[in-house]
Structure formats: structure tokens, C-alpha cells
> 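This structure is in C-alpha cells; I'll ask about it shortly.
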There are 2 protein chains.
Amino acid sequence: MGSRASDLRLLMIDKPESLKTHQWVYQLLRNNLLCGRIEPGVALTIRGLAEILDVSPMPVREALHRLACEGAVEVKNNRRVIVPRMTAEKFAELCDLRILLETHAAEGALPHITDSDIAELERLDARIDQAVDQHDVDDIALCNQDFHRYLYCANPNQISLPLIESLWLQLGPFSRIAISKLEKVYLVDRHVEALDALKQRNRPGLRRAIEADIRDGIASIRNVDGIHDYFRGVA
Amino acid sequence: MGSRASDLRLLMIDKPESLKTHQWVYQLLRNNLLCGRIEPGVALTIRGLAEILDVSPMPVREALHRLACEGAVEVKNNRRVIVPRMTAEKFAELCDLRILLETHAAEGALPHITDSDIAELERLDARIDQAVDQHDVDDIALCNQDFHRYLYCANPNQISLPLIESLWLQLGPFSRIAISKLEKVYLVDRHVEALDALKQRNRPGLRRAIEADIRDGIASIRNVDGIHDYFRGVA
DNA sequence: TAAAATAAAATGTGATCACAACCGCGCGGG
DNA sequence: CCCGCGCGGTTGTGATCACATTTTATTTTA
């Protein structure tokens, strides 16, 4: 059943002086969930994480509660905190919502995109390719999200991003599976298509590129051998 | 500028034995935000609320952080917690997102709706009418949300509800304005249209009814005299 | 031998305290 | 009369502790 928290190999990040402790803990756990380093079914405990991170239980408690309210972790009725397991139906619904919200967010960002924004997006896309070349699974996921986030944030009246990030968090533990497969079946670079659409201020084209980018991720997961073992828990 | 927390007229609810203290505080604050009893610009303090609710600061801290991560309150960089003010652009975007997500949620619920669900929805709709008759502004908002929530929850693989509730929370402080106007310009009962569509398993009709229901709320706000004074703060 | 009962360890919750950063107010200098 | 400075009160944050509940391990019993 659920693995122990003790065999966690957390991707550590330094704590900037500007961050409160609970913010640091939150971002650290969040990053680890987003790139799939914490697998579904793993139980997280306040005191356990506090010891690993060498902080008091208090900031961990806050970070964990925040992750729970974003759907990244699930608080069982017995007050145990676990990373939710995925079901095929949940997965499909999460992807539908990603397409719904992210095409909307991209469309809303389009009018505000400047040339320097496009340059920055091309730089972020290059970082993704670099991470792919190095087979750095963690970085691929995180850089990919940086690309999308930067695009959507071009809209100064951005409301949907927190909702989108919540979807990313819920899909996170699964993303590793998709990405580890990515090196083999590397597909059309949808980000280039998105960038072309941006340069031409082509709204329908941008929507199509974003939707295709998301669907590619889905397809690559669907094609993984034995993927169904991951749904509903690893036996 | 921002009002004090001391002149808060909170709608109190009894604390069920089954709820943890921080859950009770959360629901209480949440209800008060949803029906617009806490106005934009009001500053909320941990210790202040703790004294009003006669609990220790700890559960209030947790509830407030959760509300912050749902966008219901805003944590200023000076770590002051206030109810965010609305802008016309934010308002428009929130409404767009409501339509986007709620039509999707309604469509996803449609296949799972049973006859007893429809009966329950008609009962909830009747409660709304009753609250309208009694001019109970608080109940109108809360019952209306109960109606929508029950509908969307018919889908057992519901993911979007937390996102939708986040939108409701952000619109909450504004809903009171719309509802107080509602008694005069009462419009077509879109819930009846939605119920008809449900009975006929009419997907496009259901989407239209939900969208119209949301747009009516917007229109009634837009028509309020001097509504623009509420945008960007009451000066 | 296996199931039930009991003891021990662990966990989330809430309370209290110490502390640094911040706000508001009054004093003093221009 | 107006602006800058300093002081006390307030606030959020994090640490530590007590406690009820749950989980896990051990012992007992049929």
C-alpha cells in the first residue's frame, strides 16, 4: 500500500532569505510534486517532513494544508495526508479542464504579448529542449510549466493561473511517467507552433497549439506500457 | 480606506461537534464572504477574529491561510490580510471563467442526474424563491450556490468544483450588490430552464440555461446605479 | 496457529509564548 | 505649518507543549 515518507528523495532547494519558512517548504514540496518525485500513495506526515527539512512542524503544517486545499495532497478522514491516487476518469477530466482553462488563458494573454515576451518565451522553450537533451526529468516538467506560466501571466488581469496550477499539481505525480517516455516518442514541438501563432497574433492558431500541446502529453501517457497499473494504485 | 475588522457583523453558525475548530472558522468566514457580509477593503486580523469567535489564534490562522490560497482574501506584501477590491477587468474575467467552468461542470453532471436528483434540485430552487420572497439577502446567495453545487456534484468524478468555488469566493463580496437589486428586476428563472433541460437530457439547453443564469447575475450588477464606485475601492 | 485484546508509539490539533517587522501616534526640527 | 524621527502597541510567524485520536506492535487467548 502506501509507501513510507522516509524513503523520500526530495529535490532540495536553498531557502532564500526573502522567503518565509512556510513559503519555502511549500515551494519545495510543490516542486517535488510537480515533477513527480513524490509518487501517488505516499503518506506525508508533518513531523516527518519537519525532520527531513530541519524546521519546526509549524511551517510544514501550513504548507501541507495549502497543498491540500489546492488538491495536491488529500487529507483522509482519519487525518492522514497522502498523495492522491489517479483514476482514468479523474485523469481525463483533469486534461479536459487543462484544455478549457489554458486555451482561455492563452487567448487572454495574446493581446498583451510584446516582442520581448516572445523572446523570453523562446528562451524558456530552449531551456526545455536543453533539459530534454540532458534527460533531466525534473527540469523538463518544471521548465515546461515555466513556459506556460510566463505566457498566461502576460495578461495583467490573470485570474485563471491559480486554477491552472492546481490542475498541474494534481497531474504532477503522473507527469514523470509521461516525460520519461518523452525521449523516445518526441513529437512535434507544439511550443514552436504556439510561438508562431503569437508572432502572427493568430488567436485560433494559438488555441490549437496549446490544445495540441496538452493533448500530446495525454497521448504520450496513454501509450505507456502498463499505464493502467498506475491508475487506482499500484496494486 | 480599509475598514476595521471590529465593525464586522458576522453571520454566526453553531459549531457542530464533528467539525474541527479550524474547519468551523473556515466555513463561517467563507459563508460570510460568499454572501457579501464582509466588504472589499476590510482588513482581517488573526487575533481580532480569534477574539470575535472566541477561539485561539491558531485555527483562525489556518482558516485565513486557506481562504488566501483560494483567492478569497489577499495577503499584502506587508503581510496584512484584506478582502480584495474588485476591478472591472477582474470582474469580467471572473464571469468568463464561471461560464467556462460551470457549463462544463453541468454538462459533465448531466449523464449522472437521476429523478431524485431533479426532485432535490427543485426543492433547492424552491428555497431560493422562498429566500427571495423574504428578501433574505444572505440566504439567496447561499441557497443559489447550494443549487449549483448539488448539480455539479452529481458527477462522481468532479474536479472542477473547487475551482468554481474559488470563483464564487472571489465574486462573493460583490454578490450582495447584485442580490439587493434582484428583488426589483427579477428576471426569467433560469433554474427552471436548467431543470427542464435536465429532465429532457438536453445538453445544449442545459449549457444555455447555466450560461444565461450567470449572465443574468452579471447584467443585474452592471445595471446597479453607481456600480463603478465599487470598482477599485469605495474611495 | 490465528484472531482478539492490550500496550506503546506516532500523529494532527490547538494553545501559549517569544520575537521581529510593521503601523499609528506624538514629539521635535525645519 | 509641515515633514521627518522615534516610541509603544499590534500583527504575523515560528517554536514548544499538552492532549485526544489513531496507528502499529506486542501480548494474550481460544
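No hydrogens, no waters, no symmetry mates; every other heavy atom, side chains included, goes into these values. Here is how names work: the chains are called A, B, and so on, in the same order as the sequence lines, proteins then strands, and each is numbered from 1.
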> Separation of B:Lys20 atom NZ from C:dG14 atom C1', in whole Å?
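Whole-Å distance recorded here is 10 Å.
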
> Is the distance from OP1 or OP2 of C:dG12 to the nearest side-chain N or O of B:His22 less than 4.0 Å?
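For C:dG12, OP1/OP2 do not have a side-chain N/O of B:His22 under 4.0 Å.
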
> Does A:His65 place a side-chain N or O at less than 4.0 Å from the phosphate oxygens OP1/OP2 of C:dG12?
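For C:dG12, OP1/OP2 do not have a side-chain N/O of A:His65 under 4.0 Å.
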
> Any N or O donor-acceptor pair linking the side chain of B:Arg47 to the base of D:dG12 at under 3.5 Å?
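Between D:dG12 and B:Arg47, which were checked side chain against base, a qualifying N/O pair under 3.5 Å is present.
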
> Nearest to the side chain of A:Met58, which nucleotide is it out of C:dG12, D:dT16, C:dG14?
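It is D:dT16.
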
> Given atom CD1 of B:Ile46 and atom P of C:dG14, what is their separation to the nearest angstrom?
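Taking CD1 of B:Ile46 and P of C:dG14, I get 14 Å after rounding.
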
> Using whole Å, report how far OH of B:Tyr26 lies from C1' of C:dT13.
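Spelled out: OH on B:Tyr26 to C1' on C:dT13 is 19 Å.
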
> In this structure, how many angstroms lie between the P atom of D:dT10 and the CG atom of B:Leu44, rounded?
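Taking atom P of D:dT10 as the reference, CG of B:Leu44 is at 18 Å.
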
> If you pin B:Asp54 and A:Leu64 to their nearest nucleotides in DNA chain C, which one's is more 5'?
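The residue closer to the strand's 5' end, by nearest nucleotide, is A:Leu64.
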
> Whether the A:Tyr26 and A:Glu70 side chains hold a donor-acceptor pair (N or O, under 3.5 Å, no angle test) is what I'd like checked.
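Note: A:Tyr26 and A:Glu70 side chains meet the donor-acceptor criterion.
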
> Does a donor on one side chain sit under 3.5 Å from an acceptor on the other, for A:Gln158 and A:Tyr152?
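No donor-acceptor contact under 3.5 Å links the two side chains.
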
> Spell out yes or no: do the side chain of B:Arg61 and the base of C:dG14 have one donor N/O and one acceptor N/O closer than 3.5 Å?
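Answer no: no donor N or O sits under 3.5 Å from an acceptor.
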
> OP1 or OP2 of C:dG14 less than 4.0 angstrom from a side-chain nitrogen or oxygen of B:Thr21, does that happen here?
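So the side-chain polar atoms of B:Thr21 do come within 4.0 Å of the phosphate oxygens OP1 or OP2 of C:dG14, strictly under.
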
